[in-house]
Amino acid sequence: EAGYSFLTVTASGLRNSIDITLHASRVTDLIQCVPGETGLWSAENVSSVNVTGLEGRAGAELPVNNGNINAYINYAFTRSVVASSDLPDDPSAGKQLIYTPLHLLNINMNAEWGFVRAGITAVYESRRYTTPDNSEWLPESFLTDANLGAVLKIRNSLITVDLKVNNIFNISAESVQYYPMPMRTYTLKMKLTFSGRNND
């Protein structure tokens with residue numbers, strides 16, 4: 001594994017950062033959990049797997065009056081290939097491991113100002129194979145979540161309110177084959193923190 005990091009800070013306080021990591025490994029006797037036809041997961045042995053990939057992260061953070069704004073992009077390229085098998089003419093040899101996307105990208109943007117905070121997260125996954133011979137797969141997906149919240153201080157109490165909307169574009173997707181993920185969902189949380197001490 002080899003990595004490189006770069007960071008700059010401007011006079012205005014803007015922080016720009018870049019991180020890049022290259023990795024390679026060979027795993028023997030890999031134990032992989034896979035879903036069965038009955039819906040129960042079980043452990044299977046894969047003789048040898050070669051894993052190579054690249055991970056990158058770029059971000060920026062800007063302080064503003066009584067808050068800050070930040071945005072980050074994370075990308076991962078992961079090639080996990082079955083290098084060998086104990087079975088003769090195993091169709092999985094040379095194929096990508098199941099449920100391991102070749103490309104994974106997520107974008108996070110958050111802002112805080114005073115007592116208000118908001119953010120948005122978007123995740124892209126390339127196709128994920130569901131059979132060892134890569135003959136079947138789940139299509140690529142792009143899901144987006146958003147949140148809005150506030151933290152209110154009233155004397156010696158804190159009231160935190162957060163509204164989160166998952167899958168805001170109401171996209172149909174499956175995390176595991178034949179098990180669809182929820183469509184657009186809403187979550188509202190409220191938390192009260194009380195302290196008997198009259199201080200910060």
Side-chain angles (χ1 to χ4, degrees), residues 1-7 15-37 39-61 70-87 89-110 119-147 164 166-169 171-183:
E1 180 177 299
Y4 171 78
S5 296
F6 176 77
L7 172 67
R15 297 169 59 91
N16 296 303
S17 61
I18 296 176
D19 298 281
I20 299 175
T21 302
L22 300 173
H23 61 87
S25 60
R26 183 178 178 89
V27 183
T28 56
D29 294 326
L30 174 72
I31 302 299
Q32 182 183 40
C33 290
V34 297
E37 294 181 359
L40 298 177
W41 289 66
S42 61
E44 291 187 0
N45 180 269
V46 181
S47 291
S48 180
V49 176
N50 289 334
V51 182
T52 56
L54 175 147
E55 296 179 5
R57 181 177 183 270
E61 183 174 347
N70 62 72
Y72 293 93
I73 298 177
N74 299 274
Y75 169 74
F77 171 84
T78 307
R79 182 163 173 77
S80 301
V81 176
V82 178
S84 63
S85 172
D86 295 332
L87 302 176
D89 300 322
D90 188 346
S92 68
K95 305 297 184 180
Q96 180 85 349
L97 285 181
I98 65 171
Y99 291 103
T100 303
L102 196 63
H103 305 282
L104 178 62
L105 174 71
N106 65 68
I107 303 172
N108 298 280
M109 293 180 287
N110 298 280
I120 187 168
T121 300
V123 178
Y124 166 80
E125 279 187 331
S126 62
R127 68 166 57 175
R128 289 172 297 134
Y129 296 104
T130 59
T131 55
D133 63 355
N134 292 176
S135 60
E136 297 180 17
W137 60 83
L138 295 177
E140 61 183 13
S141 63
F142 188 82
L143 302 178
T144 308
D145 303 334
N147 66 279
K164 185 174 183 179
N166 293 319
N167 194 5
I168 59 178
F169 296 116
I171 294 175
S172 177
E174 293 181 0
S175 177
V176 177
Q177 192 174 33
Y178 309 125
Y179 287 84
M181 298 178 65
M183 302 297 282

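- Between I98 and T130, every side-chain heavy-atom pair lies at or beyond the 4.5 Å cut-off.
- Side chains of P132 and K95 form no contact here, defined as non-hydrogen atoms less than 4.5 Å apart.
- In this structure a side-chain-to-backbone donor-acceptor pair under 3.5 Å is present from N134 to Q96.
- Between Y99 and L138 the shortest side-chain heavy-atom distance falls below 4.5 Å.
- The two residues A173 and L143 make their nearest non-hydrogen contact at CB-CD2, 4.2 Å.
- One finds the CG atom of L105 at 7.0 Å from the CZ atom of F142 (value rounded to the nearest 0.5 Å).
- Across all their heavy atoms, Y72 and G59 have their closest contact at CD2-CA, 3.3 Å.
- Side-chain contact annotation: N108 with N106, donor-acceptor N/O pair under 3.5 Å present.
- The nearest pair of heavy atoms linking N167 to P182 is ND2-O, 3.4 Å.
- From W137, atom CH2 reaches atom OH of Y129 across 6.5 Å, with rounding to the nearest 0.5 Å.
- In this structure, the separation between CG on L97 and CZ on R128 is 13.5 Å, given to the nearest 0.5 Å.
- Between S92 and V82, the shortest heavy-atom distance links the atoms O-CB, 3.3 Å.
- The backbone N or O of G3 lies less than 3.5 Å from no partner atom in the side chain of E55, so there is not a single donor-acceptor pair.
- Here the OG1 atom belonging to T121 is positioned 7.0 Å from the CG atom belonging to N147, to the nearest 0.5 angstrom.
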May I have the step-by-step check of side chain to side chain contact (heavy atoms under 4.5 Å, CB included) for L104 and Y75, ending in yes or no? CA-CA 6 Å; L104 178 62; Y75 169 74; over 6 Å; no

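- No donor-acceptor pair under 3.5 Å is formed between the side chain of R57 and the backbone N or O of S17.
- The shortest non-hydrogen separation linking G119 to N110 is CA-OD1, 3.6 Å.
- With a 4.5 Å cut-off on side-chain heavy atoms, N166 and M181 do not count as touching.
- Taking NE2 of H103 as the start and CZ of R127 as the end, the distance is 10.5 Å to the nearest 0.5 Å.
- Taking 4.5 Å as the limit, every side-chain heavy atom of E140 sits out of range of all side-chain heavy atoms of P101.
- Of the residues V51, N50, T52, L54, the one that meets the side chain to side chain contact (heavy atoms under 4.5 Å, CB included) test with R79 is T52.
- Checking side-chain atoms of S48 against main-chain N and O of A83 turns up no donor-acceptor pair under 3.5 Å.
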